[in-house]
Peer 1: 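Have a look at the structure that comes next, please.
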Amino acid sequence: MHRRTFTRLSIASLLCAPHLAQARKPQSVTIVGAGSAGLTAGYHLAKAGIEVQILEASKNWGGRVKRFKGLGDMPLDLGAEWIHDDPNIFGRMIGQGPTDLGIRTINYRPQTYKFWHNNRLNKFNALRNFYQEVKFLDTTWYGFFERFMLPTVAQNISFGAQVTHVAEQGNRLSLRLKDGRSLDTDKILVTVPISVLKRGQISFSKNLTPPNLTALKDVDFGSGFKAFLQFSERFYPDMLFEGARSSILADTWAEKSTMTQSLANQRAKTSLDCSRSRRNRHAVRLLTTPIW
């Protein structure tokens, strides 16, 4: 089961159970995870007047949403990058209707494509007629959350609070933390990465075990990293993929191989006819960072 399939089934389950949306308004909600999902949920709950507490295991908010400054003339998304929607999604995300909130974006339409396959580098520029993406111009997803959502929930985030177990406590719910503390709340919203649940890092009492927890084991969600390289002159295409042309149509975790991933491959460097001395002259700085 792929991530997209799992997400569609989860949404369908909610639509088929309207009583969930009509449940009694809780007095307090504890959110596990201060990533994009946790921040968004906390923002809307706080706006609705509900007492919110967000527990984050790490020392930073954002989860896979990260930002780096210092390489080039604009901030870089080290984690989530793509918008995958019309810029009006920004306003809808914070409950202000379809508006771009003044955030500047660009219509990114790559013009040159190459595929590294069977020890050959092949051009396929026909893709320029089929693909375009909306991208941030001078900010990032991290900047979006920092500007529009964080101010509302910043004081409600507890860092270094790793939840290990969720259980019933009378008419309320209880969370056990790794440091031995226990917290009570009316409702709990778990927004941690799928990988955390797959590894069983958070356990649930029998009556609270999510019915789709077993299905999570079949969700294909790989690991990866981003590498940013800065060169004094350009010698590479807009998009460089590893694999056959048909690979870009695959609905899997490895459906795309980024330019930097391919550049890290020695064969791709050689196929670009870039000598060692030229590579040394062009490669100014290399940054790699794991995003999960």
Peer 1: Which atom names give the shortest non-hydrogen contact between His165 and Ser205, and what distance separates them?
Peer 2: CE1-N, 3.7 Å
Peer 1: Is there a continuous path of hydrophobic side-chain contacts, each under 4.5 Å between heavy atoms, that joins Val196 to Val65?
Peer 2: no
Peer 1: Which value, rounded to the nearest 0.5 Å, describes the distance between Gln27 atom CD and Glu51 atom CD?
Peer 2: 8.5 Å
Peer 1: State, with a plain yes or no, whether a side-chain heavy atom of Val190 is found less than 4.5 Å away from one of Phe204.
Peer 2: yes
Peer 1: Please verify the inter-ring angle class for Phe144 with Phe148; under 30° counts as parallel, over 60° as perpendicular, anything in between as tilted.
Peer 2: tilted
Peer 1: Please confirm whether Tyr236 and Phe231 have ring centers closer than 6.0 angstrom.
Peer 2: yes
Peer 1: Does Asp100 use its side chain to pair, donor to acceptor, with the backbone of Pro87 at less than 3.5 Å?
Peer 2: no
Peer 1: Just by distance, no angles: are the side chains of Asn125 and Gln111 close enough, under 3.5 Å, to form a donor-acceptor pair?
Peer 2: no
Peer 1: With a 3.5 Å distance limit and no angle check, can you tell me whether Asn118 reaches the backbone of Arg120 through a side-chain donor-acceptor pair?
Peer 2: no
Peer 1: For Asp85 and Arg92, what are the C-alpha separation, side-chain angles and deciding distance, and is it a side-chain contact (heavy atoms from CB on, under 4.5 Å)?
Peer 2: CA-CA 11 Å; Asp85 208 321; Arg92 296 199 299 271; 3.8 Å; yes
Peer 1: Using 0.5 Å steps for rounding, measure from the CZ atom of Phe145 to the CG atom of Leu150.
Peer 2: 10.5 Å
Peer 1: Taking Gly160's backbone N and O only, do any of them form a donor-acceptor pair with Glu56's side chain (distance below 3.5 Å, no angle check)?
Peer 2: no
Peer 1: Taking only distance into account, with no hydrogens and no angle test, what donor-acceptor pairs under 3.5 Å do side-chain atoms of residues 39-46 form with protein atoms, sequence neighbours excluded?
Peer 2:
unit_1: Thr40; atom_1: OG1; unit_2: Ser36; atom_2: O; d: 2.7
unit_1: Tyr43; atom_1: OH; unit_2: Ile94; atom_2: O; d: 3.4
unit_1: His44; atom_1: NE2; unit_2: Met93; atom_2: O; d: 2.7

Peer 1: To the nearest 0.5 Å, what is the distance between CZ (Arg176) and OG (Ser182)?
Peer 2: 6.5 Å
Peer 1: Got a sec: does the CD of Glu168 have more than 12 other heavy atoms crowding it under 6.0 Å?
Peer 2: yes
Peer 1: Mind telling me whether Phe241 and Phe115 have parallel, tilted or perpendicular rings, with 30° and 60° as the class edges?
Peer 2: parallel
Peer 1: Could you walk me through whether Arg109 and Tyr131 satisfy the side-chain contact (heavy atoms from CB on, under 4.5 Å) test, starting with their C-alpha distance in whole Å, then the side-chain angles of each, then the deciding distance to 0.1 Å, before giving a yes or no?
Peer 2: CA-CA 6 Å; Arg109 185 185 289 272; Tyr131 171 75; over 6 Å; no
Peer 1: Kindly say whether Trp82 contributes a backbone atom to a donor-acceptor pair with the side chain of Trp141 at under 3.5 angstrom?
Peer 2: yes
Peer 1: Do Asp184 and Thr30 have side-chain heavy atoms sitting under 4.5 Å apart?
Peer 2: no
Peer 1: To check you understand the geometry: which heavy-atom pair defines the closest contact between Leu173 and Lys187, and what is its length?
Peer 2: CD1-CA, 4.0 Å
Peer 1: Would Ile31 and Trp61 show up in the same hydrophobic cluster when neighbours are defined by side-chain heavy atoms closer than 4.5 Å?
Peer 2: yes
Peer 1: Ignoring hydrogens, what is the shortest heavy-atom contact between Ile188 and Ser174? Give both atom names and the distance.
Peer 2: CD1-O, 4.4 Å
Peer 1: Which atom pair, heavy atoms only, marks the closest approach of Thr112 to Pro237?
Peer 2: OG1-CA, 3.4 Å
Peer 1: Hey, what do you get for CZ (Arg245) to CG (Leu127), rounding to the nearest 0.5 Å?
Peer 2: 8.5 Å
Peer 1: Do Leu189 and Thr191 come close enough that some side-chain heavy atom pair is under 4.5 Å?
Peer 2: yes
Peer 1: With a 4.5 Å cut-off on side-chain heavy-atom distances among I, L, V, M, F, W and Y, is there a chain of contacts connecting Ile106 to Val134?
Peer 2: no
Peer 1: Any salt bridge between Glu81 and Lys135, counting N to O under 4.0 Å?
Peer 2: yes
Peer 1: If you measure from CZ on Arg104 to CG on Leu137, what distance do you get to the nearest 0.5 Å?
Peer 2: 4.5 Å
Peer 1: Is there a donor-acceptor pair closer than 3.5 Å between any side-chain N or O of Thr140 and the backbone N or O of Asp77?
Peer 2: no
Peer 1: Just by modelled atom types, is the Phe136 backbone N or O under 3.5 Å from a matching donor or acceptor in the Thr105 side chain?
Peer 2: no
Peer 1: Please find the pair of heavy atoms, one from Gly79 and one from Lys226, that lie closest to each other, and give the distance.
Peer 2: O-NZ, 2.9 Å
Peer 1: Can you confirm whether Asn119 sits close enough to Trp116 that some side-chain heavy atom of one is under 4.5 Å from a side-chain heavy atom of the other?
Peer 2: yes
Peer 1: What heavy-atom pair brings Ala244 and His117 nearest, and what distance separates the two atoms?
Peer 2: N-ND1, 3.5 Å
Peer 1: Do Leu208 and Ile202 sit in the same hydrophobic cluster, where Ile, Leu, Val, Met, Phe, Trp and Tyr count as joined when their side-chain heavy atoms come under 4.5 Å apart?
Peer 2: yes
Peer 1: Does the side chain of Glu146 reach to within under 4.5 Å of the side chain of Arg67, using non-hydrogen atoms?
Peer 2: yes
Peer 1: Determine whether His84 and Glu133 satisfy the following criterion, side-chain contact (heavy atoms from CB on, under 4.5 Å), listing intermediate values before the conclusion.
Peer 2: CA-CA 7 Å; His84 292 310; Glu133 182 72 64; 3.5 Å; yes
Peer 1: Hey, could you give me the CG/OG1 distance between Leu175 and Thr164, rounded to the nearest 0.5 Å?
Peer 2: 9.0 Å
Peer 1: With sequence neighbours left out, write down each residue that passes side chain to side chain contact (heavy atoms under 4.5 Å, CB included) with Gln162, or none if nothing qualifies.
Peer 2: Ala57, Lys178, Gln201
Peer 1: Connecting only ILVMFWY residues whose side-chain heavy atoms lie within less than 4.5 Å of each other, what is the rest of Phe130's hydrophobic cluster?
Peer 2: none
Peer 1: Examine Val153 and Phe159 and state if one hydrophobic cluster contains both, with Ile, Leu, Val, Met, Phe, Trp and Tyr joined whenever side-chain heavy atoms are less than 4.5 Å apart.
Peer 2: yes
Peer 1: Salt bridge (charged side-chain N to carboxylate O under 4.0 Å, His left out) for Asp186 and Arg172? Distances and angles first, verdict last.
Peer 2: CA-CA 5 Å; Asp186 286 337; Arg172 308 191 77 203; 3.2 Å; yes
Peer 1: Using a 3.5 Å distance criterion without hydrogens, assess whether the side chain of Ser28 forms a donor-acceptor pair with backbone atoms of Thr185.
Peer 2: no
